[in-house]
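Just so it is clear, the structure is predicted and the values come from calculations on it, not from any experiment.
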Amino acid sequence: IMLHSTLALSLLLIAVTSNLAMAIKKEKRAPQTLSRGWGDEITWVQTYEEGLYQAKKSNKPLMVIHHLEDCQYCQALKKAFAENEEIQEMAQNNFVMLNLMHETTDKNLSPDGQYVPRIMFVDPSLTVRADITGRYSNRLYTYEPQDIAFLIENMKKALRLIQTEL
């Protein structure tokens, strides 16, 4: 009996330590650099071209976030974006995601100027959706942290458009 309980105890210890080791390992995993803080669970594409290819292939809309590291508005939006579960889940499951810190050669992605932060949607037919805009008339594709609910609505709109148009 003594031997049996010692064995059981050591097996329990082994199980606990290996779980702990796995938890520590998981915690120490370096965040995926492509996320740049917008959401480490999201699969990000590296380039606009790759985003277009994936959108067409997967029949999901491409969401392009233009931002800069030293822009306080971008940082504030990024924090709200990363902390919102609904956005993170939609971004992870229903969109091809790209965040860019430089401009693309596609002029359609800057229809009203090259400002940040700016979020635009491209549908799987590779059409930039100039009709999905934020709430500011001077910068049509900008969102502020308090506009997260509006951004969620626009993400849903982008998904609806695909179902009805394509």
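Both Y115 and Y48 sit in one connected hydrophobic cluster of ILVMFWY residues. Membership requires side-chain heavy atoms under 4.5 Å apart, directly or through other members. Residues L77 and L34 share a hydrophobic cluster, clusters being chains of Ile/Leu/Val/Met/Phe/Trp/Tyr side chains in contact below 4.5 Å. The cluster map of Ile, Leu, Val, Met, Phe, Trp and Tyr, joined by side-chain heavy atoms under 4.5 Å apart, puts L68 and L98 in different clusters.
Electrostatic pairing of R135 and D147 counts as a salt bridge here, judged by a charged N lying under 4.0 Å from a carboxylate O.
When all heavy atoms are compared, the tightest approach of N108 to V128 is O-CG1, 3.4 Å. Contact detail for Y141 and A130: the closest heavy-atom pair is OH-O, 2.9 Å. Counting all heavy atoms, side chain and backbone alike, S125 lies closest to D123 at OG-OD1, 2.6 Å. Closest heavy-atom contact between A82 and G37: CB-O, 3.5 Å. Closest non-hydrogen pair, V45 versus G51, comes out as CG2-CA, 3.7 Å. The shortest non-hydrogen separation linking S58 to Q54 is OG-O, 2.6 Å.
A side-chain donor-acceptor contact under 3.5 Å links Q75 to the backbone of E69. For W44 (side chain) and G39 (main-chain N/O), a donor-acceptor pair under 3.5 Å exists by modelled atom type.
In terms of the salt bridge (Lys or Arg N to Asp or Glu O under 4.0 Å) criterion, E50 has no residue partners (sequence neighbours excluded).
For the side-chain contact (heavy atoms from CB on, under 4.5 Å) test with I65, the passing option among M97, R118, M120 is M97; the others fail.
You'll find the side chain of H102 stays beyond 4.5 Å of the side chain of Q114, heavy atoms only. Side-chain atoms of L109 and V122, non-hydrogen and from C-beta on, do get closer than 4.5 Å to each other. No side-chain heavy atom of F95 sits under 4.5 Å from any side-chain heavy atom of L62. The shortest side-chain heavy-atom distance between T142 and P117 falls under the 4.5 Å cut-off. Inter-residue side-chain proximity for I42 and S35 is flagged as unmet; no heavy-atom pair is nearer than 4.5 Å. In this structure the side chain of L52 never reaches within 4.5 angstrom of the side chain of V96, judged on heavy atoms. The shortest side-chain heavy-atom distance between N99 and H67 falls under the 4.5 Å cut-off.
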Show me, pair by pair, the donor-acceptor contacts under 3.5 angstrom made by side chains of residues 87-94, not counting sequence neighbours?
unit_1: Q88; atom_1: NE2; unit_2: W38; atom_2: O; d: 2.8
unit_1: Q88; atom_1: NE2; unit_2: F81; atom_2: O; d: 3.0
unit_1: N93; atom_1: ND2; unit_2: E89; atom_2: O; d: 3.1

Distance-only donor-acceptor pairs under 3.5 Å for side chains of residues 148-159, two or more places apart:
unit_1: N154; atom_1: ND2; unit_2: T133; atom_2: O; d: 2.8
unit_1: N154; atom_1: ND2; unit_2: Y143; atom_2: OH; d: 2.7
unit_1: K156; atom_1: NZ; unit_2: E86; atom_2: OE2; d: 3.0
unit_1: K157; atom_1: NZ; unit_2: D131; atom_2: O; d: 3.2

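With a 6.0 Å radius and a threshold of 12 heavy atoms from other residues, nucleotides or ligands, E49 has its CD atom above the threshold. Atom OH of Y53 is surrounded by 12 or fewer heavy atoms from other residues, nucleotides or ligands within 6.0 Å.
From R129, atom CZ reaches atom CD1 of I162 across 8.5 Å, with rounding to the nearest 0.5 Å.
Donor-acceptor pairing under 3.5 Å is lacking for the side chains of T104 and D106.
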